[in-house]
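Remarks on the structure that follows.
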Amino acid sequence: MRRLAPTALLALVGVGLLHTALFTDLYLRYVKEGLRPVLIASGVVLLLLGAVNACLDLRGSREPRASHDHHAAPSHGHDHSAAPRVAWLLALPALSLLLYAPPALGAYTAAHSNGEPVATAPKERFPALPATSPLPLTLTGFTQRVQQDPTLAIRGRQVRLTGFVTPAGPGGGWYLTRIIFTCCAADSQTVKVRVHGPDAPPANTWLAVTGTWHPAGRLGTKTAEAALDVRESHPIAQPVNAYTDDLPLTPS
């Protein structure tokens, strides 16, 4: 069975992809939710390729050897039809998909990131804020309101934000953080809001916090710090899809 190694690798990677995308939510640690169909299709294609490879190998093993084998080119001491040993390294990520759940990106990643600049929101994209109090906002939405809203509508408003804890470093303090996938983990972006008030909970703790903008810099300009004077905070479960910047859910 000359193609045993390539066939086994194709099948292993295919099964790993299908297992991760169909039966678990672990794929969300690698790619955004919308790419799930692509992972499933890739797993199916790899399994089909493995099946075709196995069929070709089986058919080739049943063919009689040519009677003039003695005229064949001399052997150089190794079989070119076999997969190179380095190819077996592909088995490691495949096995990890089946047997090992990688840790989620969290405070360590965020602490070593400078944070991506929040996309500019044109003035016409700032509608009037609803009267809801506390007002649920994403970290991105809060930062845009603080730094780009000429109406200064966020001043004095009580808001609710959710994210995980990232220590601020030697100076103390902490950030409420979100890591956002544009496509996959390789292009992730970090959004942070500086927290003033309570002591820092353990890193990677997911929280819902309520508070008001902490005055620092000129509101409505880039000099304004995305920071919050926190009045209340409550631990929450980590969202299934943690790599988005979704609106916080209203507690029941």
Side-chain angles (χ1 to χ4, degrees), residues 1-110 112-113 116 119 164 178-191 204 237-246:
M1 302 287 283
R2 295 174 300 173
R3 297 186 179 90
L4 176 60
T7 300
L9 286 174
L10 287 169
L12 188 61
V13 176
V15 169
L17 283 176
L18 291 177
H19 169 75
T20 302
L22 285 175
F23 304 110
T24 74
D25 294 314
L26 293 178
Y27 74 96
L28 293 172
R29 298 186 180 184
Y30 305 101
V31 298
K32 63 188 300 184
E33 187 175 15
L35 292 179
R36 185 179 194 180
V38 178
L39 292 181
I40 295 173
S42 299
V44 171
V45 169
L46 288 173
L47 284 180
L48 290 175
L49 288 175
V52 170
N53 211 31
C55 290
L56 291 175
D57 193 17
L58 182 61
R59 186 176 65 179
S61 66
R62 291 178 176 177
E63 292 178 355
R65 294 187 177 182
S67 59
H68 54 280
D69 278 351
H70 60 280
H71 294 298
S75 171
H76 295 288
H78 56 274
D79 184 4
H80 290 283
S81 66
R85 292 180 181 178
V86 71
W88 282 105
L89 293 176
L90 291 173
L92 298 179
L95 288 173
S96 73
L97 292 175
L98 290 169
L99 305 175
Y100 172 70
L105 299 181
Y108 178 84
T109 302
H112 290 78
S113 169
E116 295 292 333
F164 63 87
R178 286 277 194 162
I179 294 176
I180 306 168
F181 285 1
T182 301
C183 177
C184 61
D187 62 8
S188 62
Q189 299 179 354
T190 302
V191 181
N204 294 312
Q238 176 177 318
V240 173
N241 190 359
Y243 302 113
T244 61
D245 192 14
D246 294 332

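Numbers here simply count residues along the sequence, with the first being 1. Keep in mind that the numbers below use all heavy atoms, side chains included, and drop hydrogens, waters and symmetry copies.
Distance check: L46 CG to L9 CG gives 10.5 Å after rounding to the nearest 0.5 Å. Atom-to-atom distance recorded for L35:CG and F181:CZ is 11.0 Å, nearest 0.5 angstrom. For the atom pair CG (L105) and CG (N204), the distance works out to 10.0 Å, reported to the nearest 0.5 Å.
Among all heavy-atom pairs drawn from S42 and L17, the shortest one is CB-CD1, 4.0 Å. Nearest heavy atom pair, residue I40 against residue A21, reads CG1-CB, 3.8 Å. Scanning all heavy atoms of the two residues, the minimum distance from A11 to L47 falls at O-CD2, 3.6 Å. Residues G50 and T7 share a closest heavy-atom pair of O-CG2, 3.3 Å. In terms of heavy-atom proximity, R36 sits nearest to T24 at NH2-O, 4.4 Å. Closest approach of D245 to R178, counting heavy atoms only: OD1-CG, 3.6 Å.
Taking the side chain to side chain donor-acceptor pair (under 3.5 Å) definition, one finds that D25 meets it with nothing, sequence neighbours left out. By the side chain to side chain contact (heavy atoms under 4.5 Å, CB included) test, V45 is found to be paired with L49, residues two or more places apart in sequence or in another chain being considered.
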Evaluate side chain to side chain contact (heavy atoms under 4.5 Å, CB included) for L39 paired with V31, printing each intermediate quantity in order. CA-CA 9 Å; L39 292 181; V31 298; 3.8 Å; yes
Could you walk me through whether T182 and K32 satisfy the side chain to side chain contact (heavy atoms under 4.5 Å, CB included) test, starting with their C-alpha distance in whole Å, then the side-chain angles of each, then the deciding distance to 0.1 Å, before giving a yes or no? CA-CA 7 Å; T182 301; K32 63 188 300 184; 5.8 Å; no
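Although no hydrogens or angles enter the test, the distance criterion places no donor-acceptor pair under 3.5 Å between the side chain of Y243 and the main chain of S188.
Within the 4.5 Å cutoff, side-chain heavy atoms of I179 are placed close to those of F164.
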